[in-house]
There are 2 protein chains.
Amino acid sequence: MAVTLADVAARAGVSSATVSRVLNGNYPVSGSTRERVQRAVEELDYVVNGQARALAAATSDLVGVLVNDVADPFFGILASALQTEIGAGAAQRGGGGKLAVVCNTGGSPEAELTYLTLLERQRAAGVVLTGGAVESEEHTAAVRARLVRLAASGTRIVLCGRPPLTGPDDGPPVTTVTFDNRGGARRLTEHLLSLGHRRIGYVAGPVERSTTRHRLEGHREALAARGLGPDTPEGAGALRLTVHGSYDRPSGYDAALELLRREPRLTAIVAANDSVALGVCAALRDRGLSIPDDVSVAGFDDLPFSADACPALTTVRIPLAEAGTRAGRLAMGRQSPPPGGVATITTELIVRASTAPPVTSGS
Amino acid sequence: MAVTLADVAARAGVSSATVSRVLNGNYPVSGSTRERVQRAVEELDYVVNGQARALAAATSDLVGVLVNDVADPFFGILASALQTEIGAGAAQRGGGGKLAVVCNTGGSPEAELTYLTLLERQRAAGVVLTGGAVESEEHTAAVRARLVRLAASGTRIVLCGRPPLTGPDDGPPVTTVTFDNRGGARRLTEHLLSLGHRRIGYVAGPVERSTTRHRLEGHREALAARGLGPDTPEGAGALRLTVHGSYDRPSGYDAALELLRREPRLTAIVAANDSVALGVCAALRDRGLSIPDDVSVAGFDDLPFSADACPALTTVRIPLAEAGTRAGRLAMGRQSPPPGGVATITTELIVRASTAPPVTSGS
DNA sequence: ATCGTGGGAGTAAGCGCTTACTGCGCTGTG
DNA sequence: CACAGCGCAGTAAGCGCTTACTCCCACGAT
């Protein structure tokens, strides 16, 4: 049915091996032969069969990209940069550009393993795992085992925005690109403290995620540096004002109401991320509180919509596009892994209109 | 190196054909043999080689998804729904779940063709083309030819949010899912007109895109229905107040300033989409104008951030997730094409806080 | 006891490519 | 003039699977 190498060979009056050589350009072929072959290729509209090529050469043109959900801007931006890097050079022959297989895991460990299996079937050249899910002991072990096996078969594995893999042999052939969540959270809370806030509520993400823990730790570090620890007298510290939820807007809405119920004198709320912060803002507005006059609000991630939110959100910028590009380069083997296998991406405090000094100073 | 069918066969004491049959479950195999094979598969951690399978069975586990940029929420939502539908059933054996290959074309015709070639190489089972780019005569023809060839080789082609393909034979084997842009735009402008607005500026997208044209047509239809055509005396009609740009925020910012320069008495601005609308809002604010008191603003698409924008945006909702699911089903052959090959997704006017009656009535 | 029947399993021929190995014809050297 | 050396190109053996075809054997019918 479709045109094959043999057809091209017949037309050009050469053997199929020669056609293959011309196509791949990795063997010496005389000029005249090359031209004849190329003409035949064009005349027949020949397109190589990637499956056959992959099988014979034991290579793959696919790189997997696991995200919670590409519709979420956080993952969308990451995936976009990853795809662009992975596909780079696809235009030129031998450019090394590959196809990015994007998979929504929805944060489900099962879905993650399912997709890893599918990618293993396809003998993917690389796999980038972003975000992630419930980091249960069991799940982590299962994923770890799978990744080790994949890596052993030559698949490059990159974790992005996830905790590095550790385990028995302590040096799995997996590289990691993480964000400085702790530092960002610390700077953000320092910002609020230096504005004069003392009663700060914190809306955290799911407890079992390391991102949540790191951000919370940064927050607590900043508090502790001012002597506002978990043991500080009521009303001074903010730790008791932590509420956990998921990383979405509705969760932020509910959490804000819960925080206000527990401590109506709150002057600032730090959210797990920007989406949550939007929910917090909505809840505050519905309560008749103005931002930042009554309550300051801060987010995390600095997604594109944050600058246009109402009011513009103070947040911590994660350079997602750069992180994605970096992870993509690693997955493509275009860059050697960082020493220790872990690259940390720095974050930056972005101050906008949603934070201001508390009107009724509570210090 | 890797475990192969033959290894499993040897271990189970059967032929490789039998193993294949057990794995695919499409041939009768006795219970005891089946069990023996399954045990061998598990003991050896066998994972089929998808490339070899694809080659032998002339099938493919890939479906291509072309978008302008997954980082853009519009495409992110579409891609997310597409991926979810394409991957559905991947967990069960024979569930038919496939892998979604997402490609950012950046709206470039060349990139689009490049990725189509790559997907053709991989003998993708289907390709979904969304968004798109400059719809030049030349490019359309090139893409058309490629799609016809792909379709001829059994690849299912679905266009989503693009004009249906037409041509010589007038019935290319390509199905299309379009949005009712014209109707949405008409209802939106009617909404503004019924609020009392008469001096309405329009910030359109790139001229050469059909989406732009359809939205503009809907807008003009609404105006014409009130007798406000291009020939209406100065100040009454809005057509002269059309500015073209691209579908992004900066473009909206510039366009809004331009519109105000041309007609300072403007009471409403309709934007090409929500991102553009955000730019328009920013420009108005920078000009010291309040929304909607001084000027009403409306967007298009109803992306998630629109409800949290400042103020919440009146817009036209496109059910992108449903459209993506629908397109995915078509690309997977899970649903037969609509009669005529074109399915139109209806749009819905969403009124929020960014539109209100003009304060100084200009009627 | 013979034969037909049919379910279950093996044989082997590809699928379309890559690539190690071989071979051929030419040039340069002793 | 014989022979080594080299640049090209052909031969053919896979890569790991699927599947048409064949074969075997147990079983029921005659």
Side-chain angles (χ1 to χ4, degrees), chain A residues 1-38 40-41 44-62 93-94 118 120-125 153-154, chain B residues 1-38 40-41 44-62 93-94 118 120-125 153-154:
Chain A
M1 203 174 96
V3 181
T4 72
L5 249 204
D7 299 330
V8 176
R11 173 134 196 157
V14 299
S15 74
S16 61
T18 301
V19 177
S20 172
R21 286 169 188 142
V22 170
L23 256 37
N24 295 302
N26 47 4
Y27 273 86
V29 175
S30 76
S32 65
T33 307
R34 177 188 314 280
E35 273 176 30
R36 213 149 15 102
V37 170
Q38 282 168 343
V41 165
L44 296 172
D45 268 338
Y46 172 71
V47 177
V48 311
N49 183 322
Q51 303 170 329
R53 168 182 290 186
L55 177 59
T59 60
S60 169
D61 288 331
L62 304 179
R93 187 173 50 227
L118 257 44
E120 186 171 1
R121 273 215 219 312
Q122 300 299 322
R123 304 294 188 262
S153 69
Chain B
M1 201 175 96
V3 182
T4 71
L5 249 204
D7 298 331
V8 176
R11 174 134 193 159
V14 298
S15 73
S16 62
T18 301
V19 178
S20 171
R21 284 166 190 147
V22 171
L23 256 36
N24 295 302
N26 47 4
Y27 272 86
V29 176
S30 76
S32 65
T33 308
R34 178 188 313 279
E35 273 177 30
R36 218 151 9 105
V37 170
Q38 282 169 343
V41 165
L44 296 173
D45 269 338
Y46 171 70
V47 177
V48 311
N49 184 321
Q51 303 170 328
R53 166 181 291 187
L55 178 58
T59 60
S60 170
D61 288 331
L62 305 179
R93 185 174 50 229
L118 257 47
E120 186 171 1
R121 271 214 217 315
Q122 299 299 321
R123 305 292 189 261
S153 70

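Order of the sequence lines fixes the chain letters, A, B, ..., with proteins taken first and strands second; residue numbering starts at 1 for each chain. Computed over heavy atoms, backbone and side chain alike; hydrogens, waters and symmetry mates excluded.
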Asker: Check whether any side-chain heavy atom of B/Tyr46 lies under 4.5 Å from a side-chain heavy atom of B/Leu5, and answer yes or no.
Answerer: yes
Asker: Taking CG from B/Leu55 and C1' from C/dG14, how many angstroms apart are they, rounded to a whole number?
Answerer: 9 Å
Asker: Quick one: which of D/dT19, C/dG16, C/dG14 gets closest to the side chain of B/Ser20?
Answerer: D/dT19
Asker: Residues two or more places apart in sequence or in another chain: which of them pass side-chain contact (heavy atoms from CB on, under 4.5 Å) with B/Leu62?
Answerer: A/Leu62, B/Ser60, B/Leu99, B/Val101, B/Gln122
Asker: Give a yes/no answer on whether the side chain of B/Tyr46 brings an N or O atom under 4.0 Å of OP1 or OP2 in D/dC17.
Answerer: yes
Asker: Which residues pass the side-chain contact (heavy atoms from CB on, under 4.5 Å) test with A/Ala56, not counting sequence neighbours?
Answerer: none
Asker: Rounded to whole Å, how long is the line connecting atom CG of A/Leu5 with atom P of D/dC15?
Answerer: 19 Å
Asker: A/Gln122 has an atom CD; how far is it from atom P of D/dG16, in whole Å?
Answerer: 15 Å
Asker: Does A/Asn49 have a side-chain nitrogen or oxygen under 4.0 Å from the phosphate oxygens OP1 or OP2 of C/dC15?
Answerer: no
Asker: So, applying side chain to side chain contact (heavy atoms under 4.5 Å, CB included) with A/Val3, which one of A/Val41, A/Asn49, A/Val8 is it?
Answerer: A/Val8
Asker: What distance separates A/Arg36 CZ from A/Gln38 CD, expressed to the nearest 0.5 Å?
Answerer: 11.5 Å
Asker: Rounded to whole Å, how long is the line connecting atom CD of B/Gln51 with atom P of D/dG16?
Answerer: 10 Å
Asker: Could you list all the salt bridge (charged side-chain N to carboxylate O under 4.0 Å, His left out) pairs where at least one residue sits in residues 12-22 of chain B, not counting sequence neighbours?
Answerer: none
Asker: Can a side chain N or O of A/Tyr27 be found less than 4.0 Å away from OP1 or OP2 on C/dA20?
Answerer: yes
Asker: If the condition is salt bridge (Lys or Arg N to Asp or Glu O under 4.0 Å), which residues does A/Arg11 pass it with, not counting sequence neighbours?
Answerer: A/Glu43
Asker: What string of B, S and - do you get for nucleotides 5-12 of chain C, 5' to 3', when a contact is any protein heavy atom under 4.0 Å?
Answerer: ---SBBB-
Asker: Run the numbers on A/Thr33 and A/Val14 for side-chain contact (heavy atoms from CB on, under 4.5 Å), then give the verdict.
Answerer: CA-CA 8 Å; A/Thr33 307; A/Val14 299; 3.9 Å; yes
Asker: C/dG16, D/dT19, D/dT18: which one has an atom nearest the side-chain heavy atoms of B/Asn26?
Answerer: D/dT19
Asker: Can you measure B/Asn24 atom CG to D/dT19 atom C1' for me and round it to whole angstrom units?
Answerer: 10 Å
Asker: With side chains defined as the heavy atoms from C-beta onward, is the minimum distance between B/Leu118 and A/Asp61 less than 4.5 Å?
Answerer: no
Asker: What integer distance in Å separates A/Arg121:CZ from D/dC15:C1'?
Answerer: 19 Å
Asker: Would you mind reading off the bend of the helix from C/dA1-D/dT30 to C/dG30-D/dC1 from its two end axes, five pairs each, to 10 degrees?
Answerer: 60°
Asker: What's the CZ-P distance between A/Arg53 and C/dC15, to the nearest Å?
Answerer: 19 Å
